Amino acid sequence: MDLESHSAPARGLRRYIRLVEDALGLTGQGSYVQLETPVSAYIALNGQLPGFADRDVALIWDEEHGWAGAVESRCGEDLLVLAYLGDRILPPPRVVAAFAERLFAGELPGPPEPPALREAHAADDLPVLLAEYAEPARALTGLARV
C-alpha cells in the first residue's frame, strides 16, 4: 500500500504516530513515517533497556506486522527486534505505550517472531482504519467578497 502524502490514510497514520508519542510522554521530533510500501513508522525512545545499556531503543510499526520493540544493532544498520506487540495492526496508543513500558521493565511482552497480520498489498480496511485517525482537512477560510 502506497499512501499519497496528503491523503486521509497518510494524515491518519501521522496522527496515530503522534498519539502514540503522546501516550509515551514524548515530545519533539523523534519519529519518522514512510508512506511507500511497506508503509512503516519509527519512534525513537528515551533510555535503555535492561541488558542493552549501550543501544538506542525504538518502537517500529509496519503495515504487515504491526508494532515491535527494537534496539539499534552495534553496526548501526539493522534494528534488532526483541518483541512484537501482537494481534492488531493498529492497537490503541495506550496499548502501545504499555508495551513499551513492559520492555523498559525488562520483560519481553510479545513473541520475537513477526506476526502475519496482513499482506502489504492486501485490499483490506487498513486505509479506512488509518483515515479514521485523520484530522479533518482544513476548510478554506474567508469568502471572496464582490
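Sequential numbering from 1 along the given sequence is applied to the chain's residues. No experiment lies behind these values; they were computed from the predicted model shown.
Scanning all heavy atoms of the two residues, the minimum distance from Pro93 to Ala23 falls at O-CB, 3.7 Å. In terms of heavy atoms, Ala10 sits closest to Ser5 at CB-O, 3.5 Å. Here the shortest heavy-atom pairing between Gly86 and Pro115 reads O-CG, 3.5 Å. Residues Pro50 and Gly106 share a closest heavy-atom pair of CG-CA, 3.7 Å.
Atoms CD1 and CD1, on Ile43 and Ile60 in that order, are 11.0 Å from each other to the nearest 0.5 Å. Between Leu103 atom CG and Leu59 atom CG the span is 7.0 Å, to the nearest 0.5 Å. Taking CZ from Arg18 and CG from Leu13, the interatomic distance works out to 10.0 Å, rounded to the nearest 0.5 Å. Here Met1 contributes atom CE and Asp124 contributes atom CG; the two are 8.0 Å apart, rounded to the nearest 0.5 Å. One distance of note links CZ of Phe99 with CD of Glu107; it measures 10.5 Å at 0.5 Å rounding. Here the NE2-OG1 distance, from His121 to Thr37, works out to 5.0 Å after rounding to the nearest 0.5 Å.
Using cut-offs of 30° and 60° for the angle between ring planes, the Trp67 and Trp61 rings count as tilted.
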Working note: Glu135 + Arg15, criterion salt bridge (charged side-chain N to carboxylate O under 4.0 Å, His left out); need CA distance, chi angles, decisive distance, verdict. CA-CA 8 Å; Glu135 294 176 326; Arg15 181 164 178 259; 3.6 Å; yes
Please walk me through it: do Phe104 and Leu49 pass side chain to side chain contact (heavy atoms under 4.5 Å, CB included)? CA-CA 5 Å; Phe104 280 103; Leu49 300 180; 3.5 Å; yes
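Within 6.0 Å of atom CG in Asp87, 12 or fewer heavy atoms from other residues, nucleotides or ligands are found, so the atom counts as exposed in its surroundings. The neighbour count for Gln48 CD, taken as heavy atoms of other residues, nucleotides or ligands under 6.0 Å away, is above 12.
Considering only heavy atoms from C-beta on, Tyr16 comes within 4.5 Å of Leu90 through its side chain. Using a 4.5 Å cut-off on side-chain heavy atoms (C-beta onward), Leu126 and Ile89 make contact. Counting heavy atoms from C-beta on, the side chains of Asp56 and Leu45 never come closer than 4.5 Å. Using a 4.5 Å cut-off on side-chain heavy atoms (C-beta onward), Tyr42 and Ser31 make no contact. The shortest distance between side-chain heavy atoms of Val96 and Glu21 does not fall below 4.5 Å. Two residues are said to be in side-chain contact when any heavy atoms from C-beta on lie closer than 4.5 Å; Leu82 and Pro112 fail this criterion. Between Val81 and Val71 the shortest side-chain heavy-atom distance does not fall below 4.5 Å. Between Tyr84 and His65 there is a side-chain heavy-atom pair separated by less than 4.5 Å.
Hydrophobic clustering, with ILVMFWY side chains joined whenever heavy atoms are under 4.5 angstrom apart, groups Val20 together with Val33. Clustering ILVMFWY residues whenever any of their side-chain heavy atoms sit less than 4.5 angstrom apart, transitively, puts Ile17 in the very cluster that holds Leu19. In this structure, Leu85 is a member of the same hydrophobic cluster as Leu129, with clusters built from ILVMFWY side-chain heavy atoms closer than 4.5 Å.
A donor-acceptor pair under 3.5 Å is formed between the side chain of Gln34 and the backbone N or O of Glu36. Checking side-chain atoms of Ser73 against main-chain N and O of Leu80 turns up no donor-acceptor pair under 3.5 Å. Remark: side-chain polar atoms of Glu64 are paired, donor with acceptor, to backbone N or O of Ala120 under 3.5 angstrom. Between the side chain of Asp125 and the backbone N or O of Val128, no donor-acceptor pair lies under 3.5 Å. In terms of modelled atom types and a separation under 3.5 Å, the side chain of Arg88 and the main chain of Gly66 share no donor-acceptor contact.
With no hydrogens or angles considered, no side-chain donor-acceptor pair links Ser40 and Glu63 at under 3.5 Å.
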